[in-house]
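Shown next, in C-alpha cells, is the structure this report addresses.
By convention in this document, chain letters (A, B, ...) are assigned in the order of the sequence lines, proteins followed by strands, and residues within each chain are numbered from 1.
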2 protein chains.
Amino acid sequence: MSSEQPVKKRISESTIHRLSMYFRTLSLLQKEGYETVSSKELARREKLTPAQVRKDLSFFGSFGTRGLGYDVIELKAKIGEILGIDRVWKVAVVGIGNIGSALVSYKEFTRQGFKIVKLFDNDQRKIGSNHKGIVVSDIKNLEKEIKEDGIEMIILTVPATVAQYMVDDVVRAGVKAILNFAPINLKVPPDVYLRNENMSMELEYLSFAIRNNHTPKNMK
Amino acid sequence: MSSEQPVKKRISESTIHRLSMYFRTLSLLQKEGYETVSSKELARREKLTPAQVRKDLSFFGSFGTRGLGYDVIELKAKIGEILGIDRVWKVAVVGIGNIGSALVSYKEFTRQGFKIVKLFDNDQRKIGSNHKGIVVSDIKNLEKEIKEDGIEMIILTVPATVAQYMVDDVVRAGVKAILNFAPINLKVPPDVYLRNENMSMELEYLSFAIRNNHTPKNMK
DNA sequence: AATTTCTTGTGAAGCATTTCACATGAAAAA
DNA sequence: TTTTTCATGTGAAATGCTTCACAAGAAATT
Ligand SMILES: NC(=O)c1ccc[n+]([C@@H]2O[C@H](COP(=O)([O-])OP(=O)(O)OC[C@H]3O[C@@H](n4cnc5c(N)ncnc54)[C@H](O)[C@@H]3O)[C@@H](O)[C@H]2O)c1
Ligand SMILES: NC(=O)c1ccc[n+]([C@@H]2O[C@H](COP(=O)([O-])OP(=O)(O)OC[C@H]3O[C@@H](n4cnc5c(N)ncnc54)[C@H](O)[C@@H]3O)[C@@H](O)[C@H]2O)c1
C-alpha cells in the first residue's frame, strides 16, 4: 500500500483545517500515552464522523493498519509533513502594537514550527525596543532584512489604512505567505498566499446564532 | 415583494461569514459616497460571483431593485439586523494576559456593536488594574457580576489548562455565547454557542499552501 | 490453522453549496 | 408612451463535500 504521493486532487479548506485539528489531538494522545488511535476515537474527540477522518487522510495516502488503527506518532509525523510543519518557518511580525506584541509572546507558534525572528514597526518609540529577546527593526529596512534572514511568512498587524502598502512591500521582498489581521480586503499577486484573521466575524457569527436560534451543523 | 421573514432554511456558515464581509464592504461604500451597489460590484470587491451574493441575500428576503441594485444604507441596515448587530451586545473578557488585554483596546469591536464591559482575571497583580477605563474584576465574582450586568457573550483568553473550568463557570452564569482563543476542544451544553479562534491553524494553512503549491478556490 | 473480531480505505450515494440562465420588473432613454 | 437597458430573484444544473456501506486485510482468539 503506497503511503506517500504528491497531492493531485484539489484539497478543500475544510480538510486542511481538520488536518490541523488531528495534529493537535494526536499531540495530546501522545502525551496521554496512547500508541494507536482509531478513526472512531479521533472522530469522537473532534465531533466528526469516522468516515470523515478516514476520507481526509485518504487524499494523502494510507497510514493505518486494518483492525488496529493508526500509530499515533507515525500519523502525527505524516500530518506534520503534509501540513509542512516538519520544519521551521521563519516569520516576521509587521506592526508591533497591541495585537502584534501579544503574538510575539505566543509560544504555541514556535512549538508548531513558526519561529518569529524579526519584528518591524515605523514608530521611533518602538524601534530598538526589545520584545521577548527580539529587537524591533525599522520598517525602512524591511526588504533588506527579510531577504537576509530568508523570511517566508509575515504576520501583518498594522492599521488597516496602511495594510495594503505594507503588503506591497513584503511582496516586493519576496514573501510568499501573509497572515493579515487588519479588517480589509488586501490584494496580492497570484503566487502569494493570503489568509485573514477576522475576530469581528466570529463575534458576528455568535450574534447571528443567538438572534436566529441557529442550530448549525458545524460550529467548528 | 416581502422583505422580512424569519429564517426557515438552515443557513450555512459560509453564508453567515459572507454577510459579515458584505456588511464591512457596505460600510466602506457608504463612506465612499455610493448610494447604490449591484451584486456585480459587491462580488468584485469580495472576489465572489454576483450569483453568490444574490443567493446569500435571497435566504433572508429581497432587498434590491431590478435594474438598479441595492441601496447601500438600506442593505447595510438589513444585514445588520440579520447578523444581530443592530444592537449592543455586552461582552466580558476572561483572562487579561497578552491577548486578552490586546482585545480590550480593539475599537472595531465596539463599532460593530460588541461592547466590552467587564474584565476578569485570577491574578492578584491584575485584579484592580485599569484597562481602557475598565477595572479588572476578581474571577471569584464572575457569576455575580455577569448576571448583574446582563452579559451575554464571553471572550475567553485564559491558558488552555483552565479553559474548560472557566467555560463551565460562565455557562453556569447563564452566558450563551463564547469566543475561545485557547487551543483546546471545549465542551458546552447544546444551547450555548461556541466559536474557536485558532491562529496556528491559519499559519498551518499557509504552510500547507506553500508546500503543496496549493491553488485554492477560496482563500477567504 | 482456522475463525472471529476489528478497523481501514474507498467507490458510490446522499446532501449541500455554488453557479447558471432566464423570466421578471424597474429605471432610463427615446 | 414606448422601447431599451439593466440587474434582481430564483428554479434548475453543476459542482463539491460528507456519509454510507462493505470488501479487504491485519490482529487476536480459539
Ligand atoms: N487589537 C486587537 O485586538 C485587534 C484584533 C483584531 C484585529 N486587529 C487589527 O490589527 C491591526 C493592529 O491592531 P492594534 O490594536 O495592534 O493596533 P496598534 O495601533 O496598537 O498597532 C499597530 C502598530 O503598527 C505600527 N505601524 C503603523 N504604521 C506602520 C507602518 N507603515 N509600518 C510598520 N508599522 C506600522 C504602529 O506603530 C503600531 O505599533 C489593526 O489593523 C487592527 O484592526 C486588532
Ligand atoms: N498570546 C497570543 O498571541 C495568543 C494567540 C492565540 C491564542 N492564544 C491563547 O490565548 C490564551 C491566553 O494567551 P496569553 O498569551 O494571553 O496568555 P497569558 O498567560 O498572557 O494570559 C492568560 C491570563 O489568564 C489569567 N488566568 C489564568 N487562570 C485564570 C483563571 N482561572 N481565571 C481567570 N483568569 C485566569 C492569567 O492571570 C493571565 O492574565 C491561551 O490559551 C493561548 O493559548 C494566545
message = Tell me every residue that passes ring pair (Phe, Tyr, Trp, His ring centres under 6.0 Å) with B:Phe181, counting only those two or more places apart in sequence or in another chain.
response = none
Give every donor-acceptor pair under 3.5 Å between a side-chain atom in residues 149-159 of chain B and any protein atom, sequence neighbours left out.
| residue | atom | partner | partner atom | Å |
| --- | --- | --- | --- | --- |
| B:Asp149 | OD2 | B:Lys118 | NZ | 3.3 |
| B:Glu152 | OE1 | B:Arg87 | NH2 | 2.8 |
| B:Thr157 | OG1 | B:Val94 | O | 3.2 |
| B:Thr157 | OG1 | B:Gly95 | O | 2.6 |

ask   = Between B:Arg211 and A:Asp86, does at least one N-O distance fall below 4.0 Å, as a salt bridge requires?
value = yes
Starting from [atom2] on [N], measure out to [atom1] on [X] and report it in whole angstrom.
X       : N      : atom1 : atom2 : value
B:Arg10 : C:dT17 : CZ    : P     : 9 Å
B:Phe59 : C:dT18 : CZ    : C1'   : 9 Å
A:Leu68 : C:dC6  : CG    : P     : 13 Å
B:Tyr70 : D:dC6  : OH    : P     : 18 Å

ask   = Who pairs with A:Tyr70 by side chain to side chain donor-acceptor pair (under 3.5 Å), at least two apart in sequence or on another chain?
value = none
request  = Return the residues of residues 42-57 of chain B meeting this criterion: a heavy atom under 4.0 Å from some atom of DNA chain D. Order them by number, or give none.
outcome  = B:Arg54, B:Lys55
key: Selected nucleotide, minimal atom distance to A:Arg66 side chain, candidates C:dT17, C:dG9, C:dA26   = C:dG9
note = From the candidates D:dG9, C:dT8, D:dC17, the one with an atom nearest any side-chain atom of B:Ser62 is D:dG9
request  = If a pair satisfies salt bridge (Lys or Arg N to Asp or Glu O under 4.0 Å) and one of its residues is in residues 156-174 of chain A, list it, with sequence neighbours excluded.
outcome  = A:Asp169-A:Arg172
note = Hits for salt bridge (charged side-chain N to carboxylate O under 4.0 Å, His left out) against B:Glu108, two or more places apart or cross-chain, chain-then-number order -> B:Arg111
inquiry  = Using a heavy-atom cut-off of 4.0 Å across all strands, would you classify A:Thr15 as base, sugar-phosphate, or nothing?
reply    = nothing
query = Does B:Ser58 put a side-chain nitrogen or oxygen below 4.0 Å from OP1 or OP2 of D:dG9?
reply = no
query = Does A:Arg18 put a side-chain nitrogen or oxygen below 4.0 Å from OP1 or OP2 of D:dT18?
reply = yes
